[in-house]
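What follows is a set of notes on a single structure, which appears directly below.
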2 protein chains.
Amino acid sequence: MDKTATTPQALRRTNLRAVLEVMRDAGAMTGTDLIEATGLTRATVIAVCDDLIRRGWVRELEGDRSTGSQKGRPARRFEFNASAGCVLGLDVGMATVTVLVAGLTGQMLGRAAERFSKTADEAERRATIARTAERALAEASLPHSAVLAVGIGLSTAVDRHGNITKGLQLSEHFDIGLQTELWKEHGWPVLLENDANLAALGEHWRGVGAGVDDLAVMLAGERLGTGLIESGRLLHGSNGGAGEVGTLELVDGVGSQDGIARLARHWGTAALAEGKATLIRELVGPDTTRVSARFVFEAAAKNDPVAQEILERIGRRMARVISLLGTFLNPELVVIGGAVSASATALLPTINAELPRLTGTPPRVAVSELGDAIVATGAVRLALAYVEENALALTPAGAGQGVGA
Amino acid sequence: MDKTATTPQALRRTNLRAVLEVMRDAGAMTGTDLIEATGLTRATVIAVCDDLIRRGWVRELEGDRSTGSQKGRPARRFEFNASAGCVLGLDVGMATVTVLVAGLTGQMLGRAAERFSKTADEAERRATIARTAERALAEASLPHSAVLAVGIGLSTAVDRHGNITKGLQLSEHFDIGLQTELWKEHGWPVLLENDANLAALGEHWRGVGAGVDDLAVMLAGERLGTGLIESGRLLHGSNGGAGEVGTLELVDGVGSQDGIARLARHWGTAALAEGKATLIRELVGPDTTRVSARFVFEAAAKNDPVAQEILERIGRRMARVISLLGTFLNPELVVIGGAVSASATALLPTINAELPRLTGTPPRVAVSELGDAIVATGAVRLALAYVEENALALTPAGAGQGVGA
DNA sequence: AGTTTAAATTTAGACACTAAATCAAATAGC
DNA sequence: GCTATTTGATTTAGTGTCTAAATTTAAACT
């Protein structure tokens, strides 16, 4: 029943979409601008704009003749109504939940984060998530009705239809009825996606990967996951397992799913246990079991040879994975992101030195600048994509009343 | 200048495409069938069909009331005109060229193959290719004017726009003006693609991978290349290097770009040189330098332990690469194809035994049944995709006269 | 005030669709 | 052989959307 054939009304729908799309990423425009951009005639453009205004997706600006020609009849100026609604982007991790609120052009309007209680059961985790979302919405002064979609990133495999893949990895921690239970009273569309995939979306949207359509993002904090974008599209594989390097055989004496943070802690702890003379010991203090990645990176920055050796091992390890990505996917760029991404810059020399030896198509390597909002940013992007896809079927909640700047 | 907006005529174009597409993969249909399939009204369907007949893409069948109801006014029966033209699918390898001729529903109409002279220069290679294509067309009794598109598979990296990637591997052997020089007098659209990618298209179209939308095909003859399909789409990567495992680091004492055939020969020769007692020696005959893959597989089939050990090594090696594919791409199925694919069945037990140890998402593994037409079959598919995409812009050359069954 | 300029609107016409009535060609029953 | 029935094709009237061209509008300039 998937009819591809069309009626005359479909024509208008197509043109509504075309105009809306142009206006979304071009800001305020006159009718003439839109004629130029879409190839439609003036009569049509105006009709479509009036239609969009009526639907609430576009608003008309008053006065203001600052740009363009000063002569002739002043042009009506149309603008995508960025406050016709908002979306939520969530990063639901093992220990914490982060929520971003964004307007329809992606302007960030609110933010909140919270830790899960260690003993939390399903219902309690859901409650924590809901509470954090409420706080973020409150910060943005937005009503529930403004939310048009919710994107959620999870540390588990999710297939391309947004379904959690049972049996793969940590799904039981995340398969907690986020779609069916959490916001059923609001009826918000909830879109699930793997966290590394969202990190890739985030970087592709507003990170160092902006404009790069063949991209891999390694989400390397405690764990290590990879999000893959080819030709601007996210790759999932048949079970959403694409890029899930957790089971990679790397024969290094540590689990292959370990991210940068865990590796640094692991090897740092080992170095202390072996009694090596290193700055790490002083930085950590008396309780030598409390090594964290931060101390190792700090010691390395102060030229501590033991810490630097650890960083080199981590770098070689990353280079190994990146080289495989380069060989199989041939991305233009690989971005290292995640909690410790700020420190990851120290790994670049090692990685860049190793790569050409390991693959014939070495990608550029960069470090993310999105910090710990990388997944939530991608979640926002995912939700926005849904809204863009379904705009004409949705009703802008804030139509007419305006929902914040 | 990529206008997405539309005019009333675009509506008709959309419906022409929709109807044509339905008819292409459903065979002969009545107006009522098309109403059912497209959701359009009878008046529109008939108008569209008459339009398509006028353009030469569809023909009307006479008489024949075998199917459907016997009562009432007999329905007009429409059929996609499979002989409105043809396409060529070429496999241009290092040593040989293979050409397939196919009608627009993919029915094979002609075939020819030829070896390149060892001393051939660019112009001579082009001439051999042209001559082979002529022979295939002659076998199908088709005029030059019937050819609507040509797909060509090459053993070198090709990016997603069909451009050979300079500097990567064997490009100099294949960048011989196939698009600019070869058939410029006929004006045939020539589409270039990597051979492993075409193998993947071929398997996805008419091989064991039919219906599997997340698929990897390992083209493993003398060399080893991989074609990747995710969600039904071919992956290229930024330089067309995706799946080009030629530079993979596998630390086995042999080049990683080596395919099954070369590995068998390599290790078979080594076994003889080491003076091992093996059936291979007898099969090869007096000149022990002339080991070929065939002898090794034959000896293994006769339970020769040395040959079987070689097969296991090859199998483990393949499993290694497949496991990496499984980890990074998570395909549902991996198909082994290429010149020696018939023998590859002997490798399956080893591969299937190794895989679960190497990756958490082991794909199904199968052996291609397309034989040495695998690349040319994919080339046909590539050319057909072009014709389907551009059908309404093209003029069916055989319009009215019919160009073979 | 009149002219110029650029934009908006109106008007006429074209194209493509739907829905409903009518026409056409076959079978089935009497 | 005639009529009723069935099914498909065609015609007609009406609607929605677009373009192109003429007209109107609203400002700046002279």
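Predicted model only: the values in this text are computed from it and were never measured. Reminder, nothing fancy here: chain letters follow the sequence lines and each chain counts from 1.
As a whole-Å value, the separation of A:Arg77 CZ from C:dA6 C1' is 14 Å. Rounded to an integer number of Å, the gap from A:Ile46 CD1 to C:dA7 P is 10 Å. Rounded to an integer number of Å, the gap from CD of A:Glu60 to P of C:dA7 is 14 Å. One can place CE of B:Met29 at 17 Å from C1' of D:dT7, the figure rounded to the nearest angstrom. Atom CG in B:Asp50 sits roughly 16 Å away from atom P in D:dG8 (whole-Å rounding). As a whole-Å value, the separation of B:Arg76 CZ from D:dT7 C1' is 15 Å.
Residues satisfying the salt bridge (Lys or Arg N to Asp or Glu O under 4.0 Å) test with A:Glu230, not counting sequence neighbours, are B:Arg160, B:Arg233. Annotation: salt bridge (Lys or Arg N to Asp or Glu O under 4.0 Å) contacts of B:Glu21 (sequence neighbours excluded): none. In this structure B:His144 satisfies the side-chain hydrogen bond (donor to acceptor under 3.5 Å, both in side chains) test together with B:Glu134, B:His186, sequence neighbours excluded. Evaluation of the side-chain hydrogen bond (donor to acceptor under 3.5 Å, both in side chains) rule for A:Gln9 yields A:Thr7 as partners, not counting sequence neighbours. A search for side-chain hydrogen bond (donor to acceptor under 3.5 Å, both in side chains) contacts involving A:Glu388 returns A:Arg381, not counting sequence neighbours. Here A:Asp51 pairs with A:Arg12, A:Arg54, A:Arg55 under the salt bridge (Lys or Arg N to Asp or Glu O under 4.0 Å) rule; sequence neighbours left out. Judged as a salt bridge (Lys or Arg N to Asp or Glu O under 4.0 Å), and not counting sequence neighbours, the contacts of A:Glu79 are A:Arg59.
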Once base and sugar-phosphate atoms are separated, protein heavy atoms under 4.0 Å mark nucleotides 12-24 of chain C, 5' to 3', with B, S and - as ---SSSBS----B
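Across all strands, B:Thr32 comes closer than 4.0 Å only to sugar-phosphate atoms, never to a base (heavy-atom distances).
With the end axes of the helix from C:dA1-D:dT30 to C:dC30-D:dG1 each set by five pairs, the angle from one to the other reads 20° at 10° resolution.
Between A:Asp214 and B:His236, the side chains place no donor N or O within less than 3.5 Å of an acceptor N or O (distance only, hydrogens not considered).
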